[in-house]
Structures are given as structure tokens and as C-alpha cells.
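We name chains A, B, ... by the order of the sequence lines, and we start the count at 1 in each one.
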There are 2 protein chains.
Amino acid sequence: MDDFDRKLLGIVQKDALVPQNELGEAVHLSTTAVNRRLKKMSQEKIIDKIAAVVNPESLGYNLTIIVEVEAQSEQINLLDAMKKSFLKCPQVQQCYYVTGECDFVLIMLVRNMDEYTNLTRALFFENNNVKKFKTLVAMNRVKVTLDVPVD
Amino acid sequence: MDDFDRKLLGIVQKDALVPQNELGEAVHLSTTAVNRRLKKMSQEKIIDKIAAVVNPESLGYNLTIIVEVEAQSEQINLLDAMKKSFLKCPQVQQCYYVTGECDFVLIMLVRNMDEYTNLTRALFFENNNVKKFKTLVAMNRVKVTLDVPVD
DNA sequence: TCTGAAAATGGACCTTT
DNA sequence: AAAGGTCCATTTTCAGA
């Protein structure tokens, strides 16, 4: 992982379709060297995946909701069960297990409030280990990326 | 936007390097039809971009921090200035403008607590419109995607 | 939908440090 | 050994009929 790799990552995080010869020109390496480095970083899972980023609105997902979930008990198997239910819910885009007053922070995508209300039943009310949860509605997705700084 | 498109999106959100002939087999369309649909969805910004997802740990970004920021005044130009400072900070991966007690929720990536402490100065303490902020440290990134449900 | 050209990827092989 | 470069085969994309 050197300066070449970091520069390449900076570019492909923004656009993974830049051809390898152009990447080579940008960082001053041959096409083949670029190819080898990208392949290595993929194998080593430095690059997790190349993925399409879909605009939620175009599929009707107009609401982003952030939920802070507080657990009743911190018992490992109970927390694991909660994690699992969040993991398998496609509307839960992100889930972080955090320190502090609440235990989980979720980023959710839903079509409308009805859909969210229904999901709260399955995810929170029907789970006895959920003590309480707080709902924050996003009015504006100011910045939404998974970019990692490369400096 | 029909069922074919949704199925395609479901696949390319997970892996955008699946060749178009395989996509065709998966959804029962010809390679050319797949090509046309993907191109159209890119032009219409249903697909925002194809991007590499980088593993933060491999670049030393071992800490994910969630910050709830409360603004002093809701005056538009003051809020805009705050947004701008979050937008241009590479360690701020995501920023949502929300309803409720706090005004912004940030997802940040930092190498260590020192880096975060330094950033709080530039982002929060030196901004007079930041009334207070609450820091939640992520112990575990249970699920981190930008996936949009396709059902 | 099929065919074929253009482009991009990725392996073989050689050279340099 | 480790990494770069050139050349070439294969794969993939994408436009025309």
C-alpha cells in the first residue's frame, strides 16, 4: 500500500469505470501495473467490491430515517439476535453498534411513513430486548457516501 | 423501470463486475437488452455511479464515529455554511439534516481519537452556530451499505 | 435478436532494481 | 524476489443491421 495505490483508490472510489490506461496516465504507471495493483487490492479485500450506487428516489424510497435503539439487556445472544434482525431487513441500509446511551444506530430507507411504522413493529415492538427507540427523520441527505479518505 | 430493471439493480448493487451476458442469463434477457437497460439507467441517474467500496481498516481508518449536531440558529445561510463545512471534510462520510432535537447527524471515519478531537475543533468548536454536539463511538460496523431495496 | 468491430482486461515474458 | 514495461490473446461492451 503505497502512494500509487492510494491515488488509484481515490479515483476508483469516485468512478470505477475509468479505464486502466487512463488510470495509468493519471498516476504515471503502465496499464498492466494498474491492472496488477487493482487486482491485488481486490484479492486482499482492500477493495471490498465494485458496486452500483442506486438513487433511492428512483425506486420510490423517498424517506431516510435514522433510528437510535436502546437495548434492555446487553447479553450477547440477545444483542446478536437484534443484529441479525437488522442485518436481514433490506430497508436497514446501515447498522452501527455504539457506546453511550443508545446501543444501535440504524440508517433506514423507506418509501413512506406507513412502511416505517410497519417495520417498527417487526424490528422493535416485537423484540422484547428493545427498551426504547428514537426516530429521526432526514429532511435532506446532504452527503451520502462510503468514501474513505486517501491522504 | 420494470421488474427486469429491478432485478438487474439488485445484482449490480452487490457486484457491478458481473458481465452483461451473465446478467442476461440471470434475468432472462439478451446481452444487448441488458446493455441498453444499464446504459439507460445510468443516463437517467437511476444508477448514480459505479464505485469501488474501500475497506476503511486497510487505510488505517479504524474508528467510526456518529455525531449529532445541534445548531444555534436555523437561519438558512448559517445552516448552509455548516453543510458546506461537513461536505468538504473527507472524514465526514455521510451527513443528514434531520428533524427533532438535533439538526445534523454525521457518520465520520477517523484513524484514532486524536484525529477526531482535532476535527471537532475545526467542525464544531470554531463554528459559532454549533450549540452542542454528541459523540457516539461505533464499536462494530454491523452493516454498512448504500443498498436500496429492490422488491 | 444476432453479428462484428472497438475497447478493455489480464496473462506471458522480459528487464530493472 | 518484487515490481515495472511491452506485447498479445481473451473477454466484454456496445452499435449497426
Heavy atoms only: give me the nearest [X]-[Y] pair and the separation to one decimal.
X: Leu29(B); Y: Arg37(B); value: CD1-NE, 3.5 Å
X: Val150(B); Y: Gly10(B); value: CG1-N, 3.9 Å
X: Leu59(A); Y: Pro149(B); value: CD1-O, 3.8 Å

Q.
Quick one, Leu87(A) and Cys95(A) - any side-chain contact, counting heavy atoms below 4.5 Å?
A. no
Q | ring pair (Phe, Tyr, Trp, His ring centres under 6.0 Å) pairs, two or more places apart, involving residues 39-90 of chain B | A | Phe86(B)-Phe104(B)
Whole Å only: how far is the [atom1] atom of [X] from the [atom2] atom of [N]?
X: Asp3(A); N: dA3(D); atom1: CG; atom2: P; result: 16 Å
X: His28(A); N: dA3(D); atom1: NE2; atom2: C1'; result: 18 Å
X: Leu38(B); N: dC14(D); atom1: CG; atom2: P; result: 9 Å
X: Glu25(A); N: dG5(D); atom1: CD; atom2: P; result: 13 Å
X: Leu29(A); N: dT16(C); atom1: CG; atom2: C1'; result: 15 Å

Detail all sub-3.5 Å separations between protein N/O atoms and N/O atoms belonging to nucleotides 8-11 of chain C.
from    : atom 1 : to       : atom 2 : distance (Å)
dT9(C)  : OP2    : Gln20(A) : N      : 2.9
dG10(C) : OP2    : Asn35(A) : ND2    : 3.2
dG11(C) : OP1    : Lys39(A) : NZ     : 3.1
dG11(C) : OP2    : Lys39(A) : NZ     : 2.8

(Q) Is it the case that dG5(D) (base atoms only) and Arg36(A) (side chain only) share a donor and an acceptor within less than 3.5 Å, ignoring hydrogens and angles? (A) yes
Q. If you look only at pairs with a residue in residues 104-120 of chain B, which of them pass as a salt bridge (charged side-chain N to carboxylate O under 4.0 Å, His left out), with sequence neighbours excluded?
A. Arg111(B)-Glu115(B)
